[in-house]
Amino acid sequence: MNLEDELRAALRRDNPSPGFAERVVARAQSSARPARAIPRMMWAAAIAALLVIGFSTAYEYREMKAERASRDAVVALRIAADKLNIARERVLRRETPADTREN
Amino acid sequence: MLTGGIAATIPRVRSGEISGAMTDDPERFEELVREHQAMVFSMACRYLRNRALAEEIAQDVFLQLYRKLPSLESQDHVVHWLRWVTAHRLIDHSRHEKRRPQSPLEDAPEPASADSMSDADPMLSNMLRELVAGLPENARVVMILRYQEDLDPMDIARALDMPISTVKSHLQRSLALLRDKLSRQKGVGL
Amino acid sequence: MRRLFLIAVIAGCAAAQLPAQLLQLRITGLDGLAAKAKESTDITLDSNLLKMAGGFLAGAGKDGKDGDTIKQLLSGLKAITVRSFEFKEPGQYRLEDLEPIRVQLRTPGWSKIISSQSKDEISEIYTRMEQGKVAGFAIINAEPKELTVVAIEGSIDLKDLSKLGGLGIPSISVPGQSKDSGKKGKQE
């Protein structure tokens, strides 16, 4: 027998311990489950995060709008009140003689 | 030095062997494991000389195959892919191991298996396995593919993405080394 | 002049037939003045924005001296429109610019309750009554360097409103509001 034949004999294929295939399949299935579950969970988390962001943004926008509206409303009422009082004052001034006003 | 990616190295389809895309069906996968477990495990076992570690690496290779199955197109493609991944896994593993201190248990030689001892001299076989396991990484893989898988140099070159001249050179130098060592250790002239 | 008469006739006919809601005063014809003005105020608040404003002020919690009055006033309002312009020099606007508004205020439903007119100053207050209550209120105040028109829809107590005047700075606490927040752009 020459060296190459001896090598073929020495390096002949050998089988792993019994149950190797079952163990591999079990590991493959257990590792596959979470791998498939993760994207679903990630989708759910992403959707939940988007909803939270969406709602909070909408809420903040509404709050900002309400704050600005309240500021404008107060300013508008102030202007209206000022001009109302100016008009009243002018009418009063016109109707009251100058000497009476001075007293 | 092994270079290149799987896509570049593994022949996609061989004529007449197309069986359609592999599926990740567990039953089909189990069949594939049974069919190729001896090849993958033996490559690892001869390379590492450690059955437990060889099983661990073989399991990892098959788990990688399970994830890869949908993109593999034929049986032939699966075999080539397994050889390529196993070879690279083993080389990566031994390079990684070189960088960390080893425990004595990890160096324990593989026990001789009954079927590998049928015709040959058990002592000589064991010595040859030891000598092969002591070869440099690339040369060791080349020798395993040549004498365990019975691949010709051209197929080894293709499987390892290595120039054929390098494969031939590894084979010649390894055989010469083994002859030399055998003759020196035991006085065996082959 | 003929055009204005025509507008008045159409507006009058329309007013006689249209529901009270559609009698809301529209402040038109003043758009070009903002470019000439040193400062301008343009506020338009519809019923939705007024509800939001009322809700916000109620939630703000810190009521100033006028807080209750303002909330009370806002609760009855349906719309507020303010256009106010302050000019660097006199003569930047013409009294004719006010005609499209005054034409609407001459239609049935509206009554002039205060009118003061001098050489270069006009102050006019109009109200629109519905079932014995004030349902609309308008102010035109024209001075050489200032022009203000206010239109308010909804029930409003003029006594309460007049209480707010004269301070210049709103005493209600509105978060983020500066003292000169009256000088600003359009709300909507």
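Within every chain, numbering begins at 1; the chains are lettered A, B, ... in the order of the sequence lines, protein sequences first and strands thereafter. Remember, it's a predicted structure, so these values are computed and weren't measured experimentally.
Residues C:L105 and C:W110 come closest through the heavy atom pair O-CB, 3.2 Å.
When each of C:A53, C:S115, C:S118 is checked for heavy-atom pairs under 4.5 Å with chain A, C:A53 comes out on top. Taking chain A as the reference chain and counting heavy-atom pairs below 4.5 Å, the highest number among C:L50, C:T148, C:I152 is found for C:T148.
For chain A, no part of C:I140 is nearby; none of its heavy atoms comes within less than 4.5 Å. Interface remark: C:I113 contributes no atoms to any contact with chain A (heavy atom separation under 4.5 Å). Of the two parts of C:T81, neither the backbone nor the side chain holds a non-hydrogen atom closer than 4.5 Å to a non-hydrogen atom of chain A. Contacts between C:E143 and chain A at a heavy-atom distance below 4.5 Å involve the side chain alone, from C-beta outward.
Side-chain contact between C:L30 and C:L98: present, with at least one pair of heavy atoms (C-beta onward) separated by less than 4.5 Å. Within the 4.5 Å cutoff, side-chain heavy atoms of C:D120 are placed close to those of C:P144.
Annotation: A:M64, atom CE; neighbour count of heavy atoms from other residues, nucleotides and ligands within 6.0 Å does not exceed 12.
By the salt bridge (charged side-chain N to carboxylate O under 4.0 Å, His left out) test, C:E146 pairs with A:K83, sequence neighbours left out.
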